[in-house]
Protein chains: 2
Amino acid sequence: MTSVDPSVIADVPLFAGLSRAEHEDMLRDAKAIRVAKGRPVFAQGEAAHSFFVLVHGHLRVMKLTPDGQQVVVRFVVPGEIFGVACAIGCKTYPATASAVIDSVVLVWPSAVWPELIARWPALASRAMHAIGGRLQEAHTRVVEMSTRQVEQRVAHALLRLVQQAGRKLDKGVEIAFPITRQDVAEMTGTTLHTVSRILSAWEERGLVEGGRQRIVVREPHQLFILAESSPGASA
Amino acid sequence: MTSVDPSVIADVPLFAGLSRAEHEDMLRDAKAIRVAKGRPVFAQGEAAHSFFVLVHGHLRVMKLTPDGQQVVVRFVVPGEIFGVACAIGCKTYPATASAVIDSVVLVWPSAVWPELIARWPALASRAMHAIGGRLQEAHTRVVEMSTRQVEQRVAHALLRLVQQAGRKLDKGVEIAFPITRQDVAEMTGTTLHTVSRILSAWEERGLVEGGRQRIVVREPHQLFILAESSPGASA
DNA sequence: GGCCCGATTTGATCCATGACAAAGACTCTG
DNA sequence: CAGAGTCTTTGTCATGGATCAAATCGGGCC
């Protein structure tokens, strides 16, 4: 039996407030696995055998349409629970999660979920909040896609990424994992061409700084203003 | 103290499998209120004092953007729980719910939620599934908005409405509550003008039949084919 | 170091759909 | 039954972005 050091979940919000002994107890059913950059943790349509917590690294969660287009649902950062299909009554995973950099995840069999939440009711509540937060975010995204133009959506997406995975730099904040224009396009419902043009324009104005699979936001506040401005009000 | 007849929640899926005595117990904290057509049950931004179950009628849930545009999040049909901000850790309602026809709702104070789920753990699980379902739907909508054109999105929206609130007619299925082209536009991220044109075109082809605040789907299957066809493949 | 491949940039063109405008059509009310 | 207020239809025009096409750039690998 793989034994996992309980300290790895010391700062997982979902498990906050539990004792070390309780952590150990929970980890009894878990396994830690390494996922190489680019490899999937699970794939859309697969039977939902397990649920997960990301310990280290970054994952991209995406949905594939029947005709092969893909949409980025979100990025997972360390400490988050993901792949909880079992908790919401899905038999199969509704999306694919793959590593954008070498990552480490904890894996529990789906079967232990009911047991866990029965034993720690706070867990149910926390999980509910986590799912609720994602619902909120999804709705925000729907509203955004319905009412704002591409430039504003890209601005919002960048701000969200910065908040979720920003790394402070001398001059601005950098998104802490490799991300392509294509990724940003798939987060905002546009094309990599349009994203490239927008970022170029922003770079011109000193708002951001780009690079291969790299985005640095120099002026988050300016970006915020852009994101919030009403759809008609352009320069 | 208002006493509510336990039979009103006999067919609420959330409470299925509980005994009549348990229903009574739950209803002890509830009040039933009538909401006139057009009146809000709660409004976006308001403190989330209560959560609800719709007993009779239909509600529209919508979000308002800072600049006054609105987006329809969903319609609530009888038997559904809604306004569960408290369950997902929101202090205020993130959207507005108002009656599209005269309706009756059960109201519980948010404060009893923790109590209820503590007493009936199955409730927590059911609620989780309900929220999960909405998350799925929201993601589906994001994918749709990112990858399909307006006509396909409208087709999907109609099919969803038919499934949720379809009333079988001699010639087709009717959406069982008054709904305007504006509503459909706000569900699909387009304008009432475009929706009107699309419905007119479909009516021409015999797929649907329209009227004031009324839509009858004559050929669900044709609509389905339209909804699924790849974005480029038009007549 | 030189090659190869994926990522990015940029230009030119096209078109789905939004915006504007105005005229019906249906309901309810007084 | 007239009038008002919604809702719906339809026409015309403008345009934000998608699409198509090609360079160019930058890294990693042998």
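Protein chains get the first letters and strands the later ones, always in sequence-line order, with residue 1 at the start of each. What you see is a predicted model, and the numbers here were worked out from it, not measured in a lab. In what follows, every heavy atom counts, from backbone to side chain, and hydrogens, waters and symmetry copies are set aside.
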Length of the CG-C1' vector between A:Leu199 and C:dT10, whole Å: 14 Å

Length of the CG-C1' vector between A:Leu192 and C:dT9, whole Å: 10 Å

Within-4.5 Å side-chain heavy-atom neighbours: A:Phe224 and A:Leu158: no

Letter per nucleotide, 5' to 3', of nucleotides 21-30 of chain D [B base touched, S only sugar-phosphate touched, - untouched; heavy atoms, 4.0 Å]: B----B----

Any B:Thr194 side-chain N or O less than 4.0 Å from OP1/OP2 of C:dG18: yes

Side-chain N,O (B:Arg181) to OP1/OP2 (D:dT8) below 4.0 Å: yes

D:dG17 OP1/OP2 closer than 4.0 Å to side-chain N/O of A:Thr190: no

Whole angstrom value for the distance that separates P of C:dG18 from CZ of A:Arg148: 16 Å

Nearest listed nucleotide, side chain of A:Gln149, among D:dA18, C:dT10, D:dG17: D:dG17

N-O pairing of A:Glu174 and A:Arg218 below 4.0 Å: no

Donor-acceptor contact below 3.5 Å, side chain A:Thr190 vs main chain A:Thr188: no

Donor-acceptor under 3.5 Å (B:Arg148 side chain, B:Ser229 main chain): yes

Euclidean distance, atom CZ of residue B:Arg214 to atom C1' of C:dC26 [Å, nearest integer]: 13 Å

Rounded distance in Å - CZ (B:Arg153) to C1' (C:dA16): 11 Å

Among D:dT8, D:dG17, C:dA19, the one nearest B:Thr191 by side-chain distance: C:dA19

Interatomic distance where CD1 belongs to A:Ile215 and P belongs to C:dA7 [whole Å]: 14 Å

Per B:Gln213 side chain, nearest of listed nucleotides D:dT10, D:dC7, C:dG18: D:dC7

side-chain hydrogen bond (donor to acceptor under 3.5 Å, both in side chains): pairs with one or both residues in residues 80-95 of chain B, sequence neighbours excluded: B:Arg74-B:Glu80

With B:Ser200 via side-chain hydrogen bond (donor to acceptor under 3.5 Å, both in side chains) - residues at least two apart: none

Minimum heavy-atom distance B:Leu59-B:Ala99, with the two atoms named: CD2-CA, 3.6 Å

A:Ser200 side chain near C:dT8 phosphate (N/O to OP1/OP2, under 4.0 Å): no

Separation of D:dA18 P from A:Gln182 CD (nearest whole Å): 12 Å

Rounded distance in Å - CG (A:Asp183) to P (C:dA7): 9 Å

Touch class at under 4.0 angstrom, heavy-atom based, for A:Thr180 against every strand present: sugar-phosphate

Sugar-phosphate only, base, or nothing, as touched by B:Gly210 at under 4.0 Å among non-hydrogen atoms: nothing

